[in-house]
Amino acid sequence: MKVLIAGGGTGGHLFPGIALAEEVVTRHPANEVVFVGTEKGLEARVVPKEGYPLEFVKVQGLKGKGFLGLLKGLIALPLAFLASFRILSRQKPDVVVGVGGYASGPVVLAAWLMGIPTAIQEQNALPGLTNKVLGRIVKVVFTAFEEARTFFPEAKVQMIGNPIRKKLMDNYLRSNTAHEKFTVLIFGGSLGARGLNNRVLEALDSLGDVKDQLSIVHQTGKLDLENVTKGYADKGFADVAQVVEFIDDMSSAYSRADLVICRAGATSLAELTVCKKPSILVPFPHATDNHQEVNARALVDAGAALMFRESELTGLKLAAELRGLMTDPAKLKQMAKKAGILGRPAAAKELADVCVDLTTQAWGPGGRDRGPKDVKKAPGSKA
Ligand SMILES: CC(=O)N[C@H]1[C@@H](OP(=O)(O)OP(=O)(O)OC[C@H]2O[C@@H](n3ccc(=O)[nH]c3=O)[C@H](O)[C@@H]2O)O[C@H](CO)[C@@H](O)[C@@H]1O
């Protein structure tokens, strides 16, 4: 089976795709995975490192870019569409899965027009416009939240949760690694979050008395690394905090954490549940349709997390909440347990199972014949 995974941009879209890829290639030595993304997306850095082939299409967002940006985006679309046909004709995947992000739209649409089975994986409680449209043409829509179901044709929806990278599964099977200090993992999705960074720095002013009991790992994102590093130093917390731009090994970071403070991106939340971590969630206030708050509510309602809107959260309040949880291990344990109940560790496996079904239905048990005879003539394709 050959699976083409389209999309990315940020970790929240890309990493569920990586999780699917890991599952597909470990199932059978003849299985193949290829990614299609954009040169500016996180995939350009991560996918080659993970050892998968990656193709690029040039496509950009249309929203909030001003008139010129919109024009550029619109001009890029047909070209991206033609590039998608070319890639699909060359790669001849058995099945195409869109994981969201700019590349997902043109590639999934082109695959559908070429008669290749398609699916999308919607990570969030509230889907974006592209996935709502793609939901009408693809064969299967994988969702992770009940709320998302109503946006898609009922018969296509498979509520399997968000796939999690294999390395993170260690946390599902094992509990915390032993450590002396109360360890807090702070991260703002895959890109870091300035609003969250600032609140945490403000909170340090009220945490001086418990400083010696704390160990902090803080991912800042590229733009804020210097400022946050300086903030910890200025407030006398340099020796308790490890401040980094990006965490490559999230598995170990989760494993050591007694508490996680983060945004409410859907993939992060899926990881919190599979890793059974109590959390304080501060949703990104400008996410489309405020979808991060809706994502977060699922954990809050289950008793797995506390949530604060950024606009309502002061440094003082954050410090008080952190202190409250730090001194209440029973509550932390309870939150961790509730988080674990929401975890869907088999999501990648279930997604791969459906890819096998789609392949078999479309091409027979042997999958697609990749011989030259089989290349379909597609609009815009030289094949
Ligand atoms: C601003 C915005 O619209 N963000 C969206 C984006 O978020 P974003 O890309 O931030 O995604 P998530 O928070 O869902 O996931 C972040 C991913 O990056 C990984 N990670 C994070 C930090 C780090 O240092 N190292 C690392 O590997 C996490 O383990 C996780 O796998 O996609 C999500 C999934 O569609 C959406 O829910 C978010 O709303």
Side-chain angles (χ1 to χ4, degrees), residues 9-13 61 63-64 123-128 145 147 162 184-207 214 216-232 234-235 237 241 243-247 250 253-254 257 259-273 277-326 332 335 339:
T10 66
H13 297 300
K63 265 184 163 179
Q123 293 97 29
N124 294 288
L126 304 179
F145 290 86
E147 289 88 342
N162 284 319
V184 186
L185 167 64
I186 301 163
F187 72 100
S190 53
L191 304 175
R194 176 158 296 165
L196 184 61
N197 291 341
N198 290 341
R199 291 305 180 281
V200 171
L201 287 181
E202 286 159 29
L204 298 182
D205 294 332
S206 315
L207 291 169
L214 277 173
I216 298 173
V217 177
H218 189 146
Q219 173 256 26
T220 60
K222 197 172 185 171
L223 301 178
D224 265 5
L225 179 64
E226 213 178 302
N227 178 40
V228 176
T229 307
K230 183 172 180 307
Y232 275 97
D234 290 349
K235 290 166 193 279
F237 277 73
V243 183
V244 294
E245 175 188 324
F246 187 81
I247 302 167
M250 281 299 281
Y254 281 125
L259 173 69
V260 179
I261 302 177
C262 61
R263 288 296 197 202
T267 304
S268 296
L269 298 192
E271 292 168 357
L272 288 175
T273 59
K277 292 294 162 182
S279 56
I280 295 179
L281 304 175
V282 187
F284 175 55
H286 309 295
T288 316
D289 301 325
N290 204 14
H291 68 250
Q292 287 209 356
E293 191 173 320
V294 187
N295 291 346
R297 207 155 285 290
L299 272 72
V300 174
D301 291 348
L306 305 179
M307 178 190 76
F308 301 97
R309 291 194 184 104
E310 193 176 299
S311 58
E312 294 164 1
L313 185 66
T314 59
L316 203 63
K317 170 104 184 117
L318 181 57
E321 295 297 338
L322 196 158
R323 189 191 294 272
L325 289 173
M326 205 175 152
L332 278 177
M335 287 169 76

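- Within the 4.5 Å cutoff, side-chain heavy atoms of Leu269 are placed close to those of Leu281.
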Hey, mind stepping through Asn198 and Val200 against side chain to side chain contact (heavy atoms under 4.5 Å, CB included) and telling me if it holds?
CA-CA 5 Å; Asn198 290 341; Val200 171; over 6 Å; no

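- Without hydrogens or angle criteria, Gln219 side chain to Gly188 main chain gives a donor-acceptor distance under 3.5 Å.
- The minimum heavy-atom distance between Asn197 and Thr220, with the atom names listed, is ND2-O, 3.1 Å.
- Contact annotation: the side chain of Val282 approaches that of Arg263 to within less than 4.5 Å [non-hydrogen atoms, C-beta and beyond].
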Taking it one step at a time, do Ile186 and Val217 satisfy side chain to side chain contact (heavy atoms under 4.5 Å, CB included)?
CA-CA 6 Å; Ile186 301 163; Val217 177; over 6 Å; no

Give the C-alpha distance, both sets of side-chain angles, the deciding distance and a yes or no for side chain to side chain contact (heavy atoms under 4.5 Å, CB included) between Val244 and Phe187.
CA-CA 10 Å; Val244 294; Phe187 72 100; over 6 Å; no

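- Checked by atom type and distance alone, the side chain of Gln292 pairs as donor or acceptor with a backbone atom of Phe284 at under 3.5 Å.
- Take Glu293 and apply the salt bridge (Lys or Arg N to Asp or Glu O under 4.0 Å) test, not counting sequence neighbours, and it matches Arg297, Arg309.
- Contact annotation: the side chain of His13 never approaches that of Ser190 to less than 4.5 Å [non-hydrogen atoms, C-beta and beyond].
- Contact record, Thr314 with Glu202: C-OE1, 4.4 Å, taken as the closest heavy-atom pair.
- Between Leu191 and Leu223, the closest side-chain pair of non-hydrogen atoms is not below 4.5 Å.
- Asn295 contributes no side-chain N or O that, together with a main-chain N or O of Asn124, makes up a donor-acceptor pair within less than 3.5 Å.
- Rounded to the nearest 0.5 Å, atoms CG (Leu126) and CZ (Phe145) are 9.5 Å apart.
- Checked by atom type and distance alone, the side chain of Lys277 pairs as donor or acceptor with a backbone atom of Ala257 at under 3.5 Å.
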Checking Val294 against Glu147 for the side chain to side chain contact (heavy atoms under 4.5 Å, CB included) test, could you report, in this order, the C-alpha distance in whole Å, the side-chain angles of both residues, the deciding distance, and whether it holds?
CA-CA 9 Å; Val294 187; Glu147 289 88 342; 4.2 Å; yes

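- Side-chain contact between Glu310 and Pro283: absent, with no pair of heavy atoms (C-beta onward) separated by less than 4.5 Å.
- Asp234 meets the salt bridge (Lys or Arg N to Asp or Glu O under 4.0 Å) test with Lys230; sequence neighbours excluded.
- Of all heavy-atom pairs between Met335 and Leu306, the closest is CE-N, 3.9 Å.
- Not a single donor-acceptor pair under 3.5 Å links the side chain of Arg194 to the backbone N or O of Gly221.
- Atoms NZ and CD, from Lys317 and Glu312 in turn, are 9.5 Å apart once rounded to the nearest 0.5 Å.
- Every salt bridge (Lys or Arg N to Asp or Glu O under 4.0 Å) that Asp205 has, sequence neighbours left out, goes to Lys235.
- For the pair Cys262 and Leu196, the tightest heavy-atom approach, listed with the atom from each and the gap, is CA-CD2, 3.9 Å.
- Proximity of a side-chain donor or acceptor of Thr229 to a complementary backbone N or O of Leu225 within less than 3.5 Å is detected.
- Formation of a donor-acceptor pair under 3.5 Å by the His291 side chain with backbone atoms of Thr288 is found in this model.
- Across Leu318 and Leu313, no two heavy atoms sit closer than the pair N-CD1, 3.9 Å.
- In this structure, the side chains of Ile280 and Leu325 come closer than 4.5 Å at one or more pairs of heavy atoms.
- The two residues Ala264 and Ala296 make their nearest non-hydrogen contact at CB-CB, 3.7 Å.
- Once rounded to the nearest 0.5 Å, the distance linking OG of Ser279 with CD of Glu271 reads 12.0 Å.
- In this structure, the side chains of Leu185 and Ile261 stay at 4.5 Å or more apart for every pair of heavy atoms.
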